[in-house]
Amino acid sequence: MADAQYILPNDIGVSSLDCREAFRLLSPTERLYAHHLSQAAWYGGLAVLLQTSPEAPYIYALLSRLFRAQDPDQLRQHALAEGLTEEEYQAFLVYAAGIYSNMGNYKSFGDTKFVPNLPKEKLERVILGSKAAQKHPEEVRSLWQTCEELMFSLEPRLRHLGLGKEGITTYFSGNCTMEDAKLAQDFLDSQNLSAYNTRLFKDVDQEGKPRYEVRLASVLGTEPALHSEMASRLKSYEFRGSRFQVTRGDYAPILQKVVEQLEKAKAYAANSRQEQMLAQYVESFTQGSIEAHKRGSRFWIQDKGPIVESYIGFIESYRDPFGSRGEFEGFVAMVNKAMSAKFECLVASAEQLLKELPWPPAFEKDKFLTPDFTSLDVLTFSGSGIPAGINIPNYDDLRQTEGFKNVSLGNVLAVAYATQREKLTFLEEDDKDLYIRWKGPSFDVQVGLHELLGHGSGKLFVQDEKGAFNFDQETVINPETGEQVRAASAEPQGAGLGMAGVAAAPKPASWASLPRFRAGTGAGRPGTASSAPSPLATKNAGLKAWASTSASTPKCWSMSTRHGGWAPCVDRGRAGGVSRPRQPLTAPATPCPSPRIFGFEGADAEDVIYVNWLNMVRAGLLALEFYTPETSSWRQAHMQARFVILRVLLEAGEGLVTVTPTTGTDGRPDARVRLDRNKIRPVGKPALERFLRRLQVLKSTGDVAGGRALYEGYAAVTDAPPERFLTLRDTVLLRKESRKLIVQPNTRLEGSEVQLLEYEASAAGLIRSFSERFPEDGPELEEILTQLAGADARFWKFFSEAPSGQA
């Protein structure tokens with residue numbers, strides 16, 4: 001059988017999202033609006049299959065056919081008759097639920113492949129003897145033959161998502177390398193085109209000269225489009241000795257269905273801003289225009305406090321190995337008024353909180369753009385996974401001038417991060433009860449501060465197109481060096497800097513040289529987005545910790561890296577939650593002291609702080625699961641950031657944090673993480689304060705070399721004593737717990753009324769939710785997916801010889 005890290009265990013946690021009460025409170029019009037937005041999101045989410053692996057669309061289509069013909073209980077009888085054990089059939093259900101939950105056969109968190117945990121011959125008997133195969137024998141056999149080998153294969157290159165020899169991806173054709181990705185990014189920058197909604201396909205002409213196709217996602221292909229801002233961009237270009245052809249029409253039939261549902265939703269919009277927002281999204285998906293999506297995002301930002309909240313598009317770039325292309329996602333949610341009131345109070349305190357952050361005022365934004373901050377109960381979240389909180393849009397020019405929205409997903413927090421005591425690893429027994437009690441409340445606080453301060457603070461020093469700077473060159477001093485922020489060098493410094501230490505507006509292309517960095521997100525470049533994995537992930541995380549010990553910010557700056565910064569740095573947000581000064585969770589000068597906002601005072605507040613720190617250092621150890629020793633690389637930005645924070649706290653010394661190898665009661669290797677709560681303020685807080693200040697200075701001044709050196713040092717995983725992290729990684733893998741699968745409801749239009757359909761919290765329930773998601777066009781969608789995958793199969797050698805009758 002496969003290595004445990006490449007399978008989903010039969011006892012994997014499965015939870016259902018509860019949004020029944022929030023949905024009940026919607027008006028009939030609001031329900032119709034939510035329904036059509038949900039349909040748009042679910043249709044668009046199918047594109048993720050085409051963004052993940054060559055075989056993912058075929059696996060999805062095969063499973064869809066199986067479970068449309070027989071539900072899991074019916075198929076179980078057939079499977080047992082074919083000789084499967086109950087455990088093997090459950091393993092198949094878990095695998096299928098994993099495919100649906102991750103929208104592909106690679107984990108959304110960690111980018112690791114997972115395979116069926118049963119013999120291939122037995123699964124083949126189940127599939128080829130199913131009712132689906134009896135009805136359509138040739139089609140089902142063809143689907144199986146097309147994907148069976150890759151479904152089970154764990155060849156080294158196929159174990160993880162990556163580029164070139166490092167892994168597999170369908171954002172790029174199989175012959176692309178990191179050098180191709182860098183060249184393509186330089187080309188896109190030269191044409192002021194965003195990579196967010198593109199894929200790159202490489203070919204070679206008869207003379208052996210590279211030829212690249214940059215394909216935009218859109219409904220339209222080669223059709224003429226009157227007054228389209230994109231029409232003039234669709235042509236051939238010569239760039240650095242290579243030919244680039246800009247085309248469009250990627251995912252066209254899928255996006256057509258998205259557009260149709262968005263048009264229907266417009267009829268039920270609550271106001272003109274929502275109508276204009278949807279109109280721009282329709283334009284974006286029809287024409288392939290990121291500029292139109294940005295215009296829609298601007299209307300979205302301006303639509304404050306809607307009852308039904310949503311966002312949709314090519315959003316996060318974590319899974320692109322180059323960190324530049326966005327995965328499709330869409331969410332629809334309803335406001336949780338009680339928790340939103342707490343977040344509104346936190347927002348009212350934000351300007352005071354910002355003054356307490358550990359860097360000089362000149363390194364903070366000139367004006368805090370008060371964001372919309374709500375707690376939502378998710379109805380629909382399509383894509384490869386569901387986060388606990390969101391800070392969007394990712395377009396840096398909008399974030400600097402228009403602002404952003406913070407969202408905490410309350411019903412996700414309620415189920416996704418609950419922990420059973422018997423599965424709680426690496427903690428002392430005395431800590432476990434405290435952890436169980438306060439993990440949920442502490443995470444509410446963390447998410448609030450993470451989204452507000454982690455994504456909302458810090459200034460980027462920039463020079464605009466007219467040569468003007470957004471800071472005083474004569475007075476701004478780098479607190480790390482004591483020198484003025486330099487304004488010398490007129491030539492780019494090889495990292496997209498127009499001057500040493502200041503990010504120039506026009507050309508940040510070579511930020512791409514940083515590992516896992518999405519080029520084009522260099523600080524200060526107008527129009528760029530900022531969702532790539534980065535040092536700022538750690539900066540966010542650090543801020544969470546830092547904030548929790550202090551007056552005003554219990555903790556939160558995020559491991560996600562949307563700060564418009566560079567890739568390999570740290571999550572200041574999470575560190576921030578761990579490192580704030582003075583009184584616990586109180587802010588004397590703020591309108592709403594933090595403990596009262598979240599309901600914690602006295603000893604409870606101290607426990608929340610402690611559990612926040614304890615969670616962070618434990619997460620740093622758990623992060624080792626996502627490190628690949630063979631390539632010395634991290635597969636998940638948030639976990640990399642948590643490890644960096646652990647290293648910072650270990651470096652602080654004085655017994656603040658210790659990680660000790662032990663032997664468990666089962667006789668197998670184990671470990672214990674210990675945190676001295678009495679040393680959090682005198683030792684831990686100053687250490688993170690120094691670290692966060694350094695990170696913000698690096699970000700503000702665009703010091704790529706400094707950021708890389710800092711990050712690579714802390715993120716290095718070695719077997720050096722005393723911790724011996726490489727050895728500890730084996731222990732972490734031995735005792736790891738898989739992330740939960742989340743079952744989401746469906747909505748169904750019956751006459752003029754919208755009904756909410758809920759499902760049990762099990763692998764079978766998750767499968768049923770997907771089987772009933774597309775009741776009218778399930779077979780059509782299967783055909784669309786296999787046709788789209790087949791049309792590009794030649795770009796991946798694994799599919800160069802697809803069986804006849806398929807693709």
Q) Under the side-chain contact (heavy atoms from CB on, under 4.5 Å) test, which residues partner Pro9, sequence neighbours left out? A) Asp11, Ile12, Ser738
Which residues pass the ring-ring contact (aromatic ring centres under 6.0 Å, His included) test with [X], not counting sequence neighbours?
X: Phe285; value: Phe328
X: Phe172; value: none
X: Phe23; value: none
X: Tyr43; value: Phe774

Salt-bridge contact [X]-[Y] (side-chain N to carboxylate O under 4.0 Å):
X: Lys257; Y: Glu780; answer: yes
X: Asp303; Y: Arg273; answer: no
X: Arg215; Y: Asp792; answer: yes
X: Glu275; Y: Lys266; answer: no
X: Arg31; Y: Glu753; answer: no
X: Arg76; Y: Asp71; answer: no

**Q.** Pairs meeting criterion salt bridge (Lys or Arg N to Asp or Glu O under 4.0 Å) with involvement of residues 34-45, two or more places apart
**A.**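 Passing the test, one end in residues 34-45: no pairs.
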Q: Could you go through the side-chain contact (heavy atoms from CB on, under 4.5 Å) check for Leu17 and Leu379 one step at a time?
A: CA-CA 8 Å; Leu17 284 187; Leu379 171 65; over 6 Å; no
Q: Examine distances only and state if a side-chain atom of Ser218 and a backbone atom of Gly249 form a donor-acceptor pair shorter than 3.5 Å.
A: yes
